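Everything on this sheet refers to the single structure shown next.
Every number for a ligand or one of its atoms is a count from 1 in the order of the listing. This one's a predicted model, so the numbers in the text were calculated from it and none came from an experiment.
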Amino acid sequence: MEGGELPWLLVNEIGGIRGILHSHVPFLKKHFHLITMKEFLENRKDVGKKVQAIYLWWHKPVIDKELLQSLPNLKVIANSGVGMDHLDLKLVASFGVKMANAPRAVSSSTADTGMALLLASARRLVEVHNISISQSMEYCEADILGVKVTGATLGIVGMGSIGYKIALRAKAFEMNILYHNRTRRKVQEEQAVGATYCKTIDSLLQQADFVMLVVSLTPQTHKLIGKRELELMKPTATLINISRGAVVDQEALVAALQSGVIGAAALDVTSPEPLPRDHPLLKLKNVIITPHLGIKTDKATYMITEEAVENILAALNGLPLPSEVLPS
Ligand SMILES: O=C(O)C(=O)CO
């Protein structure tokens with residue numbers, strides 16, 4: 001690829017499972033000269049000097065010391081999502097490289113995914129769909145009673161922009177909303193969505209019919225929900241995870257679901273992703289698993305690319321990045 005005066009942007013690949021979407025390429029090409037990892041690896045020395053930015057799509061390419069050392073003019077890495085747990089922020093910053101995520105583009109679609117899982121689990125949509133398309137016509141008589149969402153209590157763990165959008169949606173479903181967050185939201189913000197702050201996660205777990213995990217994965221939230229926490233939940237409660245698989249102790253979750261410690265789980269994220277085909281979670285009737293659907297809508301993914309471009313251009317022009325992420 002030849003690229004006039006445009007800055008060089010490295011992406012993992014174009015298309016494929018871990019590649020940027022074909023439909024985003026014309027927009028990216030307006031601003032950058034695109035280089036794939038394959039092209040970079042074929043001519044590491046010449047290409048490496050030219051790359052000024054990386055756009056990470058679904059956590060790829062992997063950013064390690066070796067790659068950073070091969071890109072002496074790299075200024076910025078933009079991530080196609082909000083979670084940055086796949087990046088060693090301190091390492092990247094030590095190379096003088098700025099980082100940005102895409103919170104504006106992500107929050108609504110991820111909140112929709114959370115609500116979709118809540119509703120699908122409550123009304124056992126996957127189970128009844130499977131019965132409906134099976135040969136058996138006796139499904140009307142089957143004992144498939146769901147959980148009433150209206151009036152039920154939702155506990156949101158993590159009240160950032162995604163958590164708050166979930167609360168907005170849950171309010172429309174007339175749910176009682178509890179939340180736990182490192183810092184309490186302003187009273188006006190709580191009132192706007194009718195959410196009550198729980199100082200401890202334990203009290204939220206004890207009261208909620210649905211617990212929705214929306215925290216970032218950090219050393220503090222790793223296995224935040226383990227055996228003890230699951231045992232605090234109601235035996236009828238549903239755990240919904242749209243954050244990261246490692247926020248939950250998965251072995252403890254399997255045991256809790258098998259023994260009726262909790263009622264059900266709906267998981268958009270697991271550890272690892274995807275789960276091995278023989279994993280016990282895949283065999284449980286009271287579990288719904290989606291493949292990290294998160295932001296995946298046409299509009300949201302396009303907005304993510306727009307947000308990434310905005311951040312990259314700001315960094316290359318020496319301006320403040322709209323969604324800069326700093327190492328903590
Ligand atoms: O934004 C992210 O990090 C996501 O995982 C969205 O699902």
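Every heavy atom of M84 sits 4.0 Å or more from the atoms of ligand 1.
Looking at ligand 1, you won't find any N or O of G81 less than 3.5 Å from one of its N or O atoms. Below 3.5 Å of separation, one finds no N or O of T110 facing any N or O of ligand 1. Ligand 1 has a nitrogen or oxygen under 3.5 angstrom from a nitrogen or oxygen of H292.
Ion pairing between D112 and R169 holds under the 4.0 Å rule for side-chain N and carboxylate O. Between E13 and R18 there is no salt bridge, since no side-chain nitrogen of the basic residue lies less than 4.0 Å from a carboxylate oxygen of the acidic one.
Listed by atom number, the atoms of ligand 1 under 4.0 Å from V106 heavy atoms are 1 (O). Set against the non-hydrogen atoms of G83, the atoms of ligand 1 under 4.0 Å away are 1 (O), 2 (C), 3 (O).
Checking K227, R228, K234 one by one against E231, the salt bridge (charged side-chain N to carboxylate O under 4.0 Å, His left out) holds for a single residue, K227.
Both cation-pi conditions hold for R185 and Y164: the charged atom is under 6.0 angstrom from the six-membered ring centre and inside a 45 degree cone around its axis.
In terms of protein heavy-atom proximity, atom 1 (O) of ligand 1 is closest to V82 N, 2.6 Å.
Listed by first then second residue, pairs satisfying side-chain hydrogen bond (donor to acceptor under 3.5 Å, both in side chains) with a partner in residues 66-77 read R44-S70, not counting sequence neighbours.
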Name every donor-acceptor pair, under 3.5 Å, that has one atom in a side chain of residues 310-318 and the other anywhere in the protein, sequence neighbours excluded.
{"unit_1": "E310", "atom_1": "OE1", "unit_2": "R104", "atom_2": "NH2", "d": "3.3"}
{"unit_1": "E310", "atom_1": "OE2", "unit_2": "R104", "atom_2": "NH2", "d": "3.1"}
{"unit_1": "N311", "atom_1": "OD1", "unit_2": "S323", "atom_2": "N", "d": "2.9"}
{"unit_1": "N311", "atom_1": "ND2", "unit_2": "E307", "atom_2": "O", "d": "2.9"}
{"unit_1": "N311", "atom_1": "ND2", "unit_2": "S323", "atom_2": "OG", "d": "3.2"}
{"unit_1": "N317", "atom_1": "ND2", "unit_2": "L313", "atom_2": "O", "d": "2.8"}

